[in-house]
2 protein chains.
Amino acid sequence: MTSATKSKPTPTPTPAMAPKALRADAARNHEAILEAARERFAEEGTAAQMDDIAREAGVGVGTVYRHFPTKDDLIEALVARRFELIAERGAAAVAAASDDAWAAFSEFMHFSVGLQASDRALSQVLAGHPDLVQKHAEASGTWDATVELVRLTKRAGALRKDAEPEDVPMVICGLGMVTESQTDSPTMNWRRFLALVLEGLRAPGAAKLPKRPRSS
Amino acid sequence: MTSATKSKPTPTPTPAMAPKALRADAARNHEAILEAARERFAEEGTAAQMDDIAREAGVGVGTVYRHFPTKDDLIEALVARRFELIAERGAAAVAAASDDAWAAFSEFMHFSVGLQASDRALSQVLAGHPDLVQKHAEASGTWDATVELVRLTKRAGALRKDAEPEDVPMVICGLGMVTESQTDSPTMNWRRFLALVLEGLRAPGAAKLPKRPRSS
DNA sequence: CAATAATCGGAACCTGAGTTCCGGTTTCGG
DNA sequence: CCGAAACCGGAACTCAGGTTCCGATTATTG
C-alpha cells in the first residue's frame with residue numbers, strides 16, 4: 001500500500017492527519033449539506049431522500065455524493081456528531097455525580113433519550129445497527145463515561161446493585177425506539193416510559209433482574 | 001362511498017357475513033399463503049418480499065395478490081391473527097387474576113412481548129402504526145381485557161395506583177421495538193428490560209409518573 | 001364427460017430512490 | 001489576468017420490489 005513510488009503527483013508532505021485543504025466553496029457546501037441532512041433525517045428518519053437533502057442544501061445531488069460517497073456515510077457522519085454531544089453530557093454527569101448521583105444519572109438518561117426523541121434517524125440507526133452504537137460509544141468516550149457514572153451512582157446507593165453499565169445503552173436505545181414512531185401520541189409517551197424504567201432501576205431490587213446472557 | 005347503485009352485477013344475496021364458498025384449491029392456497037407469510041414476515045420483518053412468500057407457499061405471485069390485494073392487506077391479516085392470540089391470553093390473565101394478580105399481570109406482559117420477540121413484522125407494524133394497534137386491540141377484545149386486568153391488579157395492591165391501562169400497550173409496543181433488532185444481543189435483552197419496567201410498575205411509586213398528555 | 005367459470009402462474013411492467021457521469025463553472029497559484 | 005485543477009449540477013441510469021395481465025389450468029355442474 002505505502003509503496004514509495006514518488007512518481008505520483010501525491011507527495012503528501014504531511015503523512016497522516018491532513019485531509020484538509022478544501023476549496024472555499026467546497027467547504028461551504030460541505031457544511032450546508034451536513035446541516036440540511038441533519039434536518040431532513042431528524043424529521044423523516046433514514047427514509048429522507050438524497051434529492052431533498054441536496055435541494056434543501058441548495059446544491060446538486062452530485063455534490064452531495066462527492067462529499068459523502070454513500071447515503072450511509074452521510075448518516076454515519078451525523079451519528080458521530082450526535083455521539084459527541086452525548087459524550088459531552090456524559091462527562092458532565094460524571095462530574096456532577098459527586099454532588100447528587102441520582103440526579104446526574106437521571107438527567108443524563110433524559111438528555112440521551114430526548115435527543116433521540118427529536119431525531120428519528122438517530123434512533124432508527126441506533127436501533128438497527130448495534131455495532132455502530134458500540135463503535136461510536138467507544139470512540140466518543142461515551143462508554144467510559146457511562147461505566148464511571150454507573151459506578152458512582154451505585155456507590156451512592158442510588159442505583160440497584162445488579163444494574164450494569166450495559167443497561168444504560170439498552171435503555172437509551174430502547175426508549176429511543178419508543179419515541180421513533182409517535183413522539184407525542186397519548187399511548188406512546190417516552191417521558192412516562194422513562195420514568196417507569198428509572199423507577200425500576202432505582203428500586204431496591206425486590207425482584208432480581210435476569211442475568212445478561214453472554215457479554216463480549 | 002356507499003352509494004346504493006344497485007346497477008352493479010353484485011347482487012350479494014347474503015347481505016353481510018358470507019365471504020365463503022371458495023373453491024377447494026383456492027382455500028388450500030389461501031392457507032398456504034398465510035402460513036408462508038407468517039414465517040417470512042416473522043423472520044425478515046415487513047421487508048420480506050412478496051415473491052419469496054409466493055415461492056415458499058408454492059404458488060405464483062399472482063395468486064398471492066388475488067387473495068390479498070396488497071402487501072399491507074396481507075400484513076394486517078397476520079396482525080389480526082396475532083391479536084386473537086393476545087386477547088385469548090388476556091382473558092386468561094383476567095381469570096387468573098383473582099388468584100395471584102401480579103403473577104397474572106406479569107405473565108401476560110411476558111407473553112405479549114415474547115410474541116413480538118419472535119415476530120419482527122409484528123413489532124415493526126405495532127411500532128409504526130399506532131392506529132392499527134388501537135383498532136385491533138379493540139376488535140379482538142384485548143383492550144377490554146387489559147382494562148380489567150389493570151383494575152384487578154391495582155385492587156390487589158400489586159400495581160402502583162397511578163398506572164393506567166394505556167401503560168400496558170405502551171410497554172408492550174415499546175419492548176416489542178426493543179426486540180425488533182437484536183433478539184439476543186447482550187446489550188439488548190428484552191427479558192431484562194421487561195423485568196426493569198415491571199419493577200417500575202410495581203414500585204410503590206416514590207417518584208410519581210408524569211401525567212399522560214391528552215388522552216383521546 | 002363436456003361446458004363453464006373461477007383460479008393459477010410468472011413474465012412483464014411501473015415506480016421510486018440511490019448512484020453515476022460529464023460538460024459547464026469557480027477557485028486559486030503565478 | 002490566465003490557465004489548470006477542483007468543483008458543481010442535475011439529467012440519466014440502474015436496480016429492486018410491488019403490482020398487473022392474460023393465456024393455461026383445474027374445480028364444479030348437469
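Below, chains carry the letters A, B, ... as their sequence lines are ordered, and counting in each starts from 1.
Less than 4.0 Å separates DNA chain C from at least one heavy atom of each of the following residues of residues 46-58 of chain A: Ala48(A), Gln49(A), Met50(A). The stretch residues 59-77 of chain A touches DNA chain D through Val59(A), Gly60(A), Val61(A), Gly62(A), Thr63(A), Arg66(A), His67(A), each having a heavy atom within less than 4.0 Å of the strand.
Salt-bridge formation is not detected for the pair Arg28(B)/Asp25(B): no Lys NZ or Arg NE/NH1/NH2 atom is positioned less than 4.0 Å from an Asp or Glu carboxylate oxygen. In summary, Arg89(A) and Glu107(A) engage in a salt bridge, as defined by a charged side-chain N under 4.0 Å from a carboxylate O. In summary, Glu56(A) and Arg40(A) engage in a salt bridge, as defined by a charged side-chain N under 4.0 Å from a carboxylate O.
Qualifying side chain to side chain donor-acceptor pair (under 3.5 Å) partners for Glu31(B), counting only residues two or more places apart in sequence or in other chains: Arg81(B). Judged as a side chain to side chain donor-acceptor pair (under 3.5 Å), and not counting sequence neighbours, Glu43(A) has no contacts. Every side chain to side chain donor-acceptor pair (under 3.5 Å) that Lys135(A) has, sequence neighbours left out, goes to Glu76(A).
When ring centroids are compared, Phe68(B) and His30(B) come within the 6.0 Å threshold. Between Trp102(B) and Phe105(B), the distance separating the two ring centers is shorter than 6.0 angstrom.
In summary, the side chains of Thr46(A) and Gln124(A) do present a donor paired with an acceptor at a separation below 3.5 Å, with no hydrogens or angles considered.
The NE2-P distance, from His30(A) to dC7(D), rounds to 12 Å in whole Å.
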List the protein contact pattern of nucleotides 24-30 of chain D with one symbol per nucleotide (5' to 3'): B for base contact, S for sugar-phosphate-only contact, - for none; contact means a heavy-atom distance under 4.0 Å. --BSS--
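Just one of Leu126(A), Leu132(A), Leu78(A) meets the side-chain contact (heavy atoms from CB on, under 4.5 Å) condition when paired with Phe83(A); it is Leu126(A).
An OP1 or OP2 oxygen of dC7(D) is reached within less than 4.0 angstrom by no side-chain nitrogen or oxygen of Asn29(A).
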